[in-house]
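Nothing fancy with the numbering, it's 1 onward along the sequence.
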Amino acid sequence: MEVSIALTLAACLVLLGNHLSRVAAVRHRKRLTATDVQALQHVLEVLQFMQKHRGLGGQRDAAATTQRLEVAARLDQLWQEWKGEENRPAMRALWQQIRQNPADFEPHCILIEQLLENIHVLELRLAFQGNPQVTGLCEACRALEDLGRLRGLAVRAANYEKCPLDMQIQMRYLCQRLADPNGGKALSNLIAHLEHNLIDAPRVSLAPAECYALITPIIDERLQGIRHSIA
């Protein structure tokens, strides 16, 4: 009788231990998920402001300079607050170089590409932890970057009397990538407007600030949708 009771108690203890282990594992996964979601939201904000800094860096007027300095100050804060392992010293060092040379287009693109790689890693990690809503997130961010690159190139091209050939080629390629029947009327109208008044125009008829103002609302709207999808 005593042996039977002891065996029953032992079995109960094993079951209880297994249950507690499962509960602990679930809680651990939830903590990991919450941490990664927070990191992902942070990277998205860094991405947004890096893209804005690139666009503003191609403008020469006082208003754009003031706004760019405000964006740079926010980026300084975001880099300082970013404690995740994805925030590598090389990335922070590159940001400092960019801060000193805001008109340089390619360094912005290099750093943004590194941010996209971090987003991809976080997407894979969250999907592995059982968060299917993040699937396709990096792809959406890369499409967003096509718009961001288009904005950065457009504001720089608008400083010329006629769009330089190398910029024409890059912007035509981006417009082809962005041309999506499901992309919405605003996007198709934007592409047509840029092609007519900037890319293919015999004489540029858009100011840098106009190019920035035309493209920014579409970028912000898409980024907001991405953020809501992982909230």
Side-chain angles (χ1 to χ4, degrees), residues 42-82 91-116 141 144-172 174-175 178 186-187 189-224 226-227:
H42 195 95
V43 183
L44 287 173
E45 188 171 4
V46 177
L47 174 67
Q48 178 186 26
F49 279 93
M50 280 302 307
Q51 289 175 326
K52 285 188 173 183
H53 190 271
R54 178 178 54 193
L56 292 164
Q59 301 176 59
R60 301 167 184 170
D61 60 282
T65 299
T66 298
Q67 190 177 352
R68 174 177 53 77
L69 290 173
E70 292 173 354
V71 168
R74 177 57 182 155
L75 279 165
D76 286 339
Q77 183 181 3
L78 288 170
W79 286 110
Q80 185 176 5
E81 293 172 351
W82 190 0
M91 293 172 63
R92 297 196 300 272
L94 180 54
W95 157 240
Q96 290 304 319
Q97 294 177 29
I98 291 169
R99 205 185 195 292
Q100 298 303 315
N101 300 282
D104 286 353
F105 183 78
E106 285 304 323
H108 280 93
C109 297
I110 292 170
L111 184 49
I112 287 170
E113 177 60 32
Q114 294 174 3
L115 292 172
L116 291 171
C141 289
L144 188 73
E145 170 56 3
D146 283 345
L147 270 170
R149 286 180 72 96
L150 182 63
R151 177 176 61 184
L153 287 165
V155 297
R156 285 162 173 80
N159 287 304
Y160 295 86
E161 184 176 334
K162 179 176 173 59
C163 182
L165 180 60
D166 62 326
M167 293 186 181
Q168 284 184 40
I169 293 170
Q170 292 182 69
M171 285 192 285
R172 284 196 187 107
L174 290 168
C175 288
L178 289 164
L187 181 58
N189 288 344
L190 166 67
I191 291 173
H193 190 63
L194 289 175
E195 288 174 342
H196 181 72
N197 295 286
L198 177 67
I199 302 172
D200 299 323
R203 184 183 179 89
V204 171
S205 59
L206 290 173
E210 288 179 285
C211 295
Y212 188 87
L214 281 168
I215 305 173
T216 297
I218 299 177
I219 294 176
D220 289 348
E221 181 182 359
R222 290 194 172 194
L223 183 59
Q224 191 67 15
I226 291 171
R227 283 180 171 149

_Crowding at CD, E161 (>12 non-hydrogen neighbours, <6.0 Å)_ = no
*Are M167 and F105 close enough, and set up right, to give a side chain to side chain contact (heavy atoms under 4.5 Å, CB included), and what steps lead you there?*
CA-CA 11 Å; M167 293 186 181; F105 183 78; over 6 Å; no
*Kindly indicate, with the supporting measurements, whether the criterion side chain to side chain contact (heavy atoms under 4.5 Å, CB included) is fulfilled by L75 and R99.*
CA-CA 10 Å; L75 279 165; R99 205 185 195 292; over 6 Å; no
*Using the side chain to side chain contact (heavy atoms under 4.5 Å, CB included) rule, take Q51 and L144 through it: C-alpha gap first, then chi angles, then the decisive distance, then the call.*
CA-CA 10 Å; Q51 289 175 326; L144 188 73; 4.1 Å; yes
So how far is it from [X] [atom1] to [Y] [atom2], rounded to the nearest 0.5 Å?
X: L178; Y: D146; atom1: CG; atom2: CG; answer: 5.0 Å
X: I226; Y: L44; atom1: CD1; atom2: CG; answer: 6.5 Å
X: L198; Y: K162; atom1: CG; atom2: NZ; answer: 10.0 Å
X: L78; Y: H42; atom1: CG; atom2: NE2; answer: 4.5 Å
X: D61; Y: Q67; atom1: CG; atom2: CD; answer: 9.5 Å
X: R149; Y: M171; atom1: CZ; atom2: CE; answer: 12.0 Å

_Quick check against the 3.5 Å criterion: does R156 have a side-chain atom that pairs as donor or acceptor with the backbone of G152?_
yes
_Has R68 got a side-chain atom pairing as donor or acceptor with Q59's backbone, closer than 3.5 angstrom?_
no
*In terms of side-chain heavy atoms, does Q96 have a donor or acceptor partner in R92 at a distance below 3.5 Å?*
no
*Check I218, I219, D220 against R222 for a side chain to side chain contact (heavy atoms under 4.5 Å, CB included) and give me the one that passes.*
I218
Taking C-beta and beyond as the side chain, do [X] and [Y] meet within less than 4.5 Å on heavy atoms?
X: E45; Y: R74; answer: yes
X: I110; Y: Q114; answer: yes
X: I215; Y: L147; answer: yes
X: N101; Y: P107; answer: no

_A158 to V204 - nearest heavy-atom pair and separation_ = CA-CG1, 4.0 Å
*Please step through side chain to side chain contact (heavy atoms under 4.5 Å, CB included) for the pair E113 and E145, ending with a clear verdict.*
CA-CA 9 Å; E113 177 60 32; E145 170 56 3; over 6 Å; no
